[in-house]
Amino acid sequence: MTSKDRTSPPPASGVPTDRQYSSVVVDGLSQTPSRAMLRAVGFSDADFKRNQIGIASTWSMVTPCNMHIDALARAAAAGADEAGGKAVLFNTITVSDGISMGTPGMRYSLVSREVIADSIETVVAAEGFDGFVAIGGCDKNMPGCMMAIARLNRPAVFVYGGTIRPGAQRRDIVSVFEAVGAVAAGRMTEAELAEVERTAIPGPGSCGGMYTANTMASAIEALGFSLPNSSAQDAVSPQKAADCKRAGAAVVELIRRGIRPSDILCKEALENAIAVVIAVGGSTNAVLHLLAIAHEAGIPLTLEDFTRIGQRVPVLADLRPSGRYSMSELVAIGGIRPLMRTLLDAGLLHGQCLTVSGQTLAETLADVQPYPAGQDIVRGFDNPIKKDSHLVVLHGNLAPEGAVAKISGKEGTRFAGTARVYGSEEAALKGILDGTVQAGDVVVIRYEGPRGGPGMREMLSPTGAIMGKGLGDKVALITDGRFSGGSHGFVVGHVAPEAAVGGPIALVQDGDPITIDAESRTINMGVEPAEIARRRAAWQPPPPKATGGTLGKFAQLVSSASLGAVTTRHGT
């Protein structure tokens with residue numbers, strides 16, 4: 001598949017679409033049965049002549065991230081209707097990373113990204129919607145929505161469900177994971193842990209630091225697919241409801257003007273997203289997801305692009321998990337718009353990129369005012385948190401295809417230690433909590449990659465336990481799995497090739513020396529090539545953990561993490 005043959009081939013750029021898809025479904029004698037069905041769900045005679053606007057809602061009660069999105073979807077539908085369209089609401093799935101973390105259920109997290117993209121594509125294409133709004137809250141909703149937008153290439157706007165407000169004493173979900181480690185280390189009582197558990201998550205909204213949800217919301221706004229400031233609003237707020245209503249109207253206007261995702265999504269827009277992710281200190285998952293979005297659009301994007309941009313763009317925002325502040329506190333001083341204006345003025349963003357507002361990025365930022373004097377959440381270029389990117393792509397004999405490290409600089413930029421090898425997340429967590437893992441260890445968690453997991457689980461439970469036990473600057477962790485946006489410490493994920501396909505991480509043994517160097521961007525095990533070859537000859541792949549169902553299908557189709565762990569292929 002190329003950028004020119006998506007699921008919905010576009011007309012020439014700028015040509016009005018004017019019911020291009022819905023007319024096929026509802027016009028003419030032959031489509032009388034279709035109209036009869038639609039009358040039952042509320043269509044009137046006049047509605048059949050309107051642009052049909054799908055409203056893809058990820059509402060569910062399985063997670064606080066999405067529990068409020070039903071109301072947001074209704075607001076988006078009202079905006080589309082008032083603008084002259086006919087909104088049709090439909091749902092897709094979500095799973096909760098925070099709830100399934102550390103369990104076998106977490107294998108379904110990355111898989112859900114593909115299911116969300118597939119389901120939105122399926123409904124929009126099958127029902128003949130002329131455009132759509134996609135609303136996401138939890139981590140995989142956002143890239144899943146964007147992958148569908150790229151595939152379908154019909155006028156579309158993404159809306160972020162918004163961030164949660166902090167709990168008591170500015171707690172959030174990561175506070176809970178780290179409290180578990182603190183109890184294991186004897187630094188917190190179980191009664192204190194229970195109090196953290198009861199107060200950390202006060203209501204609706206996505207996890208409150210610059211974790212994956214807020215990172216991807218920021219990236220999508222920088223891509224140009226959200227209306228200004230959509231990424232930085234509290235989940236329960238008049239601003240978020242208004243954002244949704246404007247999004248519904250914006251899709252109708254995009255249809256009128258003939259503006260499609262392929263007019264917006266380009267290499268420069270992806271570079272804008274990477275720059276913003278770095279500046280806000282965002283999640284390593286953004287690497288995986290931006291690669292996947294680019295893949296769906298047929299736009300070349302590689303790990304080397306993250307390195308190239310990361311050498312120019314500093315980390316400016318002092319946000320959790322490694323920083324001090326929550327997303328809600330960033331919202332209170334203006335969100336990411338002043339930061340984007342700063343990057344634009346410094347020549348670090350491509351201002352000519354089109355956005356779903358119908359304006360260029362530079363035009364949307366023209367009237368943005370600086371942050372208020374005295375704030376210390378976002379720093380200037382003269383005093384960055386880190387002078388270059390915290391997302392460091394590493395290569396070496398442990399990761400020939402690359403790995404992604406999250407190095408804030410607080411842990412240092414180099415770690416040398418000896419391997420402590422585990423074949424699963426559960427085994428590693430046990431070793432951390434029972435004291436087997438000691439200072440100087442490099443914890444190796446393997447067979448958790450896209451195929452081997454399957455599903456590339458996030459390692460928030462182990463990293464949270466390491467931090468809670470006070471080992472954050474004394475222990476490194478590497479894995480062919482992923483990390484939650486809430487993970488911090490000296491951590492390296494996405495190691496490729498993964499262990500399940502015979503990558504070098506499968507050959508590491510306890511006690512092997514491992515060196516991780518963020519300055520030289522290398523990750524190596526100190527084992528002679530002849531010994532590595534001997535181990536490779538003796539290695540046998542373990543039996544797959546899933547052979548059927550959703551996980552089995554994913555394991556058979558998924559690509560390397562270095563390519564975005566996607567399940568679609570170009571040319572299919």
Side-chain angles (χ1 to χ4, degrees), residues 97 100-104 106-107 109-110 177 212 283-288 303 321 391-407 411 415 417-433 436-437 441-467 471-472 475-510 512 514-516 518 522-525 542 545 555 558 560-562 565:
D97 293 1
S100 62
M101 195 76 69
T103 77
M106 187 64 194
R107 294 192 174 102
S109 170
L110 184 60
F177 280 97
T212 302
S283 166
T284 54
N285 280 316
V287 178
L288 197 72
L303 290 174
L391 301 177
V392 182
V393 176
L394 307 172
H395 288 85
N397 68 2
L398 256 176
E401 291 180 8
V404 181
K406 189 176 187 180
I407 308 294
E411 312 84 1
F415 192 98
T418 54
R420 180 86 61 177
V421 182
Y422 295 98
S424 70
E425 178 186 4
E426 289 87 351
L429 181 61
K430 181 178 182 297
I432 295 163
L433 293 176
T436 301
V437 171
D441 284 346
V442 178
V443 178
V444 179
I445 306 179
R446 64 191 181 196
Y447 298 107
E448 292 286 7
R451 184 175 297 180
M456 206 178 179
R457 288 193 289 180
E458 292 181 345
M459 303 294 151
L460 182 55
S461 294
T463 61
I466 286 170
M467 299 303 296
L471 294 171
V475 166
L477 190 154
I478 69 172
T479 180
D480 53 7
R482 297 181 294 130
F483 293 110
S484 162
S487 292
H488 57 126
F490 214 106
V491 297
V492 182
H494 308 196
V495 172
E498 61 175 293
V501 300
I505 191 172
L507 310 178
V508 181
Q509 296 181 0
D510 282 341
D512 284 346
I514 292 177
T515 302
I516 306 161
T522 56
I523 179 169
N524 289 296
M525 56 177 167
K545 295 173 186 171
V558 70
S560 168
S562 63

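- Closest of all the heavy-atom pairs between L398 and P400 is C-CD, 3.7 Å.
- Screening K430, R457, R446 for a salt bridge (charged side-chain N to carboxylate O under 4.0 Å, His left out) involving E425 leaves a single residue, R457.
- A donor-acceptor pair is defined here as one N or O able to donate and one able to accept, closer than 3.5 Å; such a pair exists between the side chain of T479 and the backbone of I445.
- Here the straight-line distance linking atom NE2 of H488 with atom OG1 of T463 works out to 7.5 Å at 0.5 Å rounding.
- Going from atom CG of L391 over to atom OG of S283 covers 8.0 Å, rounded to the nearest 0.5 Å.
- Among residues two or more places apart in sequence or in another chain, the side chain to side chain donor-acceptor pair (under 3.5 Å) test is passed with S484 by none.
- Within the 3.5 Å criterion, the main-chain N or O of G453 finds a donor-acceptor partner in the side chain of R107.
- Smallest separation of non-hydrogen atoms from L110 and G455: CB-O, 3.4 Å.
- Considering every non-hydrogen atom in both L433 and A465, the closest pair reads CD2-CB, 3.8 Å.
- The distance from the CG atom of D512 to the OG1 atom of T418 is 9.0 Å, given to the nearest 0.5 Å.
- The minimum heavy-atom distance between K406 and P321, with the atom names listed, is NZ-CG, 3.6 Å.
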Practice prompt. Report the C-alpha distance between D441 and T436 in whole Å, list the side-chain angles of each, state the deciding distance to 0.1 Å, and finish with yes or no for side chain to side chain contact (heavy atoms under 4.5 Å, CB included).
Written response: CA-CA 10 Å; D441 284 346; T436 301; over 6 Å; no

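- The structure places CD1 of I478 at 4.5 Å from CD1 of I505, a figure rounded to the nearest 0.5 Å.
- Checked against side chain to side chain donor-acceptor pair (under 3.5 Å), Y422 has no partners two or more places apart in sequence or in another chain.
- Among residues two or more places apart in sequence or in another chain, the side chain to side chain donor-acceptor pair (under 3.5 Å) test is passed with S562 by E401, S560.
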Item to complete: Tell me, with the steps shown, if M459 and V491 meet side chain to side chain contact (heavy atoms under 4.5 Å, CB included).
Response: CA-CA 10 Å; M459 303 294 151; V491 297; over 6 Å; no

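- Y447 approaches K545 most closely through the heavy-atom pair O-NZ, 2.7 Å.
- Qualifying side chain to side chain contact (heavy atoms under 4.5 Å, CB included) partners for F415, counting only residues two or more places apart in sequence or in other chains: V442, A476, F490.
- For L471, the side chain to side chain contact (heavy atoms under 4.5 Å, CB included) partners are I466, K469, K474, V475, not counting sequence neighbours.
- Residues passing the side chain to side chain contact (heavy atoms under 4.5 Å, CB included) test with A518 are V392, I407, T413, sequence neighbours excluded.
- Every residue was checked against the side chain to side chain donor-acceptor pair (under 3.5 Å) condition with R451, not counting sequence neighbours, and none meets it.
- Residue pairs meeting the side-chain hydrogen bond (donor to acceptor under 3.5 Å, both in side chains) criterion with at least one member in residues 492-509, sequence neighbours excluded, do not occur.
- For the side chain to side chain contact (heavy atoms under 4.5 Å, CB included) test, residues two or more places apart in sequence or in another chain that qualify with N524 are N397, T522.
- For residues 479-491, the pairs satisfying salt bridge (Lys or Arg N to Asp or Glu O under 4.0 Å) are E458-R482, with sequence neighbours left out.
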